[in-house]
Amino acid sequence: MKSYKAFETGRLIIRPTSIEDKDFIYKLLNSPKWLRYIGDRNVRSSLDAENYIVSRMLPQLEKLGFSNNTIIKKEDGVKIGTCGLFDREGLEEVDIGFAFLPEYENMGYAFEATSTLKRAAKDEFGLTNLSAITLEENKASRKLLEKLEFKFKEKIRLPEDPAELMLYSLRL
């Protein structure tokens, strides 16, 4: 099996999501803020989560060398969130996305993980631009994107998604 890039910070391990993360992905995709701000992915069991990983995450990882990453606290090995680089239909540039379990919000983990992935996008994967999308009412996401130096570009709609999204852009 091919090995893919993983990253570390002072507090975190950031590694590609794999089938072994299915129970965590099930929990995250059914958390209140995921459902509210990202949307229901119809993941109702660990098996559904495994199928989601196999069909939605691993193909891009195998094709491009990057995709969704599971964020793990070094001190205790607890999986706390995800952060990834995504080649999304309807976006010209690779998109950075993130989600954390509610009990790990407002602790700096999201900034730590996304800053690391932002650097990796340029240094490891050779990207020159990144985009990011969020719902207007997701103030925490918008605040983080602005802290990461993303600039609001325009409001858009993605194919197969009725929600109006705020598109942010960053030149690396």
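What's counted below: heavy atoms across the whole structure, side chains too, no hydrogens, waters or symmetry copies.
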Exercise. Just jot down the side-chain hydrogen bond (donor to acceptor under 3.5 Å, both in side chains) partners of Asp76, sequence neighbours excluded, or say none.
Key: Lys73
Quiz item: Residues in side-chain hydrogen bond (donor to acceptor under 3.5 Å, both in side chains) with Lys33, at least two apart?
Solution: Glu105
Self-check item: Of all pairs that satisfy side chain to side chain donor-acceptor pair (under 3.5 Å), the ones with a partner from residues 57-71, not counting sequence neighbours
Solution: Thr17-Asn68, Thr17-Thr70, Asp21-Thr70
Quiz prompt | Asn106 CG: over 12 foreign heavy atoms closer than 6.0 Å | solution = no
Partner residues of [X] under the salt bridge (charged side-chain N to carboxylate O under 4.0 Å, His left out) criterion, sequence neighbours left out:
{"X": "Glu136", "answer": "Lys155"}
{"X": "Lys27", "answer": "Glu103"}
{"X": "Glu137", "answer": "none"}
{"X": "Lys74", "answer": "Glu8"}

Got a sec, which pairs hit ring-ring contact (aromatic ring centres under 6.0 Å, His included) with one end in [range], sequence neighbours left out?
{"range": "residues 136-172", "result": "Phe152-Tyr168"}
{"range": "residues 80-118", "result": "none"}
{"range": "residues 33-80", "result": "Phe66-Phe125"}

Self-check item: Nearest-0.5 Å distance, CD1 of residue Ile25 to OG of residue Ser18
Solution: 9.0 Å
Exercise. Output the distance between atom NZ (Lys118) and atom CG (Leu172), rounded to the nearest 0.5 Å.
Key: 7.5 Å
Quiz prompt | Non-hydrogen side-chain atoms of Leu165 and Asp161 separated by less than 4.5 Å | solution = yes
Exercise. Determine yes or no for a side-chain-to-main-chain donor-acceptor pair under 3.5 angstrom, with Asn129 supplying the side chain and Ser169 the backbone.
Key: no
Quiz item: Where the side chain of Arg15 meets the backbone of Ala6, is there a donor-acceptor pair that is under 3.5 Å apart?
Solution: no
Salt bridge [X]-[Y], side-chain N to carboxylate O under 4.0 Å:
{"X": "Arg11", "Y": "Glu112", "result": "yes"}
{"X": "Glu146", "Y": "Lys139", "result": "no"}
{"X": "Arg44", "Y": "Asp40", "result": "yes"}

Quiz item: What residues, two or more places apart in sequence or in another chain, satisfy side chain to side chain contact (heavy atoms under 4.5 Å, CB included) together with Glu160?
Solution: none
Self-check item: Minimum heavy-atom distance between Leu35 and Asn30, given as atom pair plus value
Solution: CD1-O, 3.6 Å
Quiz item: For Ile72, which fellow cluster members are found when Ile, Leu, Val, Met, Phe, Trp and Tyr are connected by side-chain heavy-atom distances below 4.5 angstrom, either directly or through intermediates?
Solution: Ile13
